[in-house]
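Below: the structure, in structure tokens.
Protein chains get the first letters and strands the later ones, always in sequence-line order, with residue 1 at the start of each.
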Amino acid sequence: MRPPGTVPLPRRFYHRTAQELAPLLLNKLLVAPDGRAGRIVEVEAYSEDDPASHSHRGRTTRNATMFGPPGHLYVYFTYGMHWCANAVCGAPDDGTAVLLRALEPVAGLEKMRLARPAARTDRDLCRGPARLAQALGIDGEADGSDLVHGPFRILDDGVNPPPRPTTTTRVGITRAKELPWRWYVPGSRYVSRP
DNA sequence: TAAAAGATCCCCT
DNA sequence: GGGGATCTTTTAT
């Protein structure tokens, strides 16, 4: 089941470079199996030729999903306590993905609040890559799962991406800081950083 | 085998 | 604005 008036993004939608796909994911819906959902308002691109990417030094146990078929969820663990979620794209064996950095909460807010006791306001439920993963219940179990068929899916409800998304450098990296591979919805109050 | 770094968050000042 | 939490993965010895 899925919300009325929505369709999953088809597999072919993910057959693009991360830099092409990232801004196209803005305003799409990330939906959990229990109905929790948020609108994607901030993303970053990572690819093999990028020194900041997990895939830059080749395939490992941890990043294997990044090198798998597109349209799947790459979930990794970091800082000893946080999970972060990516949409795998490109062709199989490409090692490229889009990091989902912030959502505007749209459904299942009660469950998100329970999952995110540290969030003092609803604005903080999904504002940041580890926060959104926690809010929707995404963890290592979901690594490698299918974004087209679920359990976690990206759906299109007819809202177009912003025609002029804001482009900036990426957050929290030490290498390739200068590359302009972060995009967000202009004016959204749910982005992690303006 | 050891050491360091990490696509972050939270709470304090 | 800054530091600590917390532990896996990666890289160096």
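Spacing between atom NE2 of A/His82 and atom P of B/dA7 amounts to 12 Å, rounded to whole angstrom units. Look at CZ on A/Arg175: it is 17 Å from P on B/dA4, rounded to the nearest Å. Summarising the geometry, the separation between OH on A/Tyr184 and C1' on B/dA7 is reported as 18 Å, rounded to the nearest angstrom. Atom P of nucleotide B/dA7 and atom CG of A/Leu100 are separated by 16 Å, given to the nearest angstrom. Following rounding to the nearest Å, A/Met81 (CE) and B/dC9 (P) show an atom-to-atom distance of 11 Å. Here B/dG6 presents its C1' atom at 13 Å from CG of A/Leu99, a figure rounded to the nearest Å. B/dC9 atom P lies 13 Å from atom CZ of A/Arg123, rounded to whole Å. In this entry the distance linking CZ of A/Arg57 with P of B/dG6 reads 11 Å, nearest Å.
Nucleic acid contact for A/Arg170: none, since no nucleic acid atom lies under 4.0 Å from a heavy atom of the residue. When heavy atoms are screened at a 4.0 angstrom cut-off, A/Arg120 is found touching no nucleic acid atom at all. Using a 4.0 Å heavy-atom criterion, one finds that A/Tyr79 contacts the bases of the nucleic acid, with or without backbone contacts as well. Looking at heavy-atom distances under 4.0 Å, A/Ala130 makes contact with sugar-phosphate atoms alone, never a base. At the heavy-atom level, A/Ile173 lies under 4.0 Å from the strands shown only through sugar-phosphate atoms. Residue contacts for A/Thr60: at a heavy-atom cut-off of 4.0 Å it reaches the sugar-phosphate backbone alone, with no base atom in range.
In this structure, A/Arg116 and A/Ala85 both approach DNA chain B, and ranking their closest nucleotides by distance from the 5' end singles out A/Ala85. Between A/Thr174 and A/Gly128, it is A/Thr174 whose nearest contact on DNA chain B lies nearer the 5' terminus.
Distance check, rounded to the nearest 0.5 Å: OG1 of A/Thr96 to CD of A/Glu20 gives 10.0 Å. How far CG of A/Leu100 is from CD of A/Glu44: 10.5 Å, rounded to the nearest 0.5 Å.
For DNA chain C, the outermost nucleotides in 5' to 3' order that have an atom under 4.0 Å from a heavy atom of chain A are C/dA5 to C/dT11.
Ring geometry for A/Tyr74 against A/His54 counts as perpendicular: the plane angle is over 60°, on a 0 to 90° scale with 30° as the lower cut.
Between A/Asp122 and A/Arg113 there is a salt bridge, with a side-chain nitrogen of the basic residue lying less than 4.0 Å from a carboxylate oxygen of the acidic one. Salt-bridge check for A/Glu104 with A/Arg39: failed, with every basic side-chain N at 4.0 Å or more from each acidic carboxylate O.
Heavy-atom neighbours of A/Arg193 CZ from other residues, nucleotides or ligands within 6.0 Å: at or below the threshold of 12.
Of the candidates A/Arg170, A/Lys177, A/Arg175, A/Arg170 is the only one forming a salt bridge (Lys or Arg N to Asp or Glu O under 4.0 Å) with A/Asp50.
Both tests hold for A/Arg16 against A/Phe13: distance to the six-membered ring centre under 6.0 Å, angle to the ring axis within 45°.
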Intra- and interstrand pairs of DNA chain B - dot-bracket, Watson-Crick/G-U under 3.5 Å, | marks other strand: ||||||.|||||.

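Listed pair A/Arg131 / B/dC10 meets the phosphate criterion, a side-chain N or O lying under 4.0 Å from OP1 or OP2.
Between A/Val98 and A/Leu21, the shortest heavy-atom contact is CG2-CD2, 3.9 Å. Across all their heavy atoms, A/Arg153 and A/Pro8 have their closest contact at NH1-CG, 4.3 Å.
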